[in-house]
Amino acid sequence: MTIAEKLNTLPPRLRREAEDFIEFLAQKQFAPKRTHLRMKWAGALRDQQDQFTALELQKKSLDWWGD
């Protein structure tokens with residue numbers, strides 16, 4: 001039995017669910033590959049460690065991010 005024949009034997013609700021799943025699989029095939037987060041910024045604030053605590057730097061970075 002082909003996929004189309006199997007789909008035709010399903011009730012309308014399950015047929016829509018199967019169609020949604022097929023659409024999901026089709027989109028997943030063309031989805032961009034996720035890359036790992038680059039940590040190029042790691043250690044960038046090392047020179048600030050004597051002036052600020054980690055929590056203070058975190059708060060400052062949120063302020064900087066919002067600018």
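Please read all numbers here as calculations on a predicted model, not as lab measurements.
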Q. Is the CG atom of L25 crowded by more than 12 outside heavy atoms at less than 6.0 Å?
A. yes
Q) When rounded to the nearest 0.5 angstrom, what is the spacing between OG1 in T9 and CG in L14? A) 9.5 Å
Q.
How close do E56 and Q51 get, counting heavy atoms only, and between which atoms?
A. OE1-O, 4.3 Å
Q. Taking only residues two or more places apart in sequence, or in another chain, which ones meet L55 in a side-chain contact (heavy atoms from CB on, under 4.5 Å)?
A. T53, Q58, K59
Q. Is it true that F21 and L10 fall in one hydrophobic cluster, defined by side-chain heavy atoms closer than 4.5 Å?
A. no
Q.
Test of understanding: with side-chain hydrogen bond (donor to acceptor under 3.5 Å, both in side chains), list the residues that count as partners of Q27, not counting sequence neighbours.
A. E23
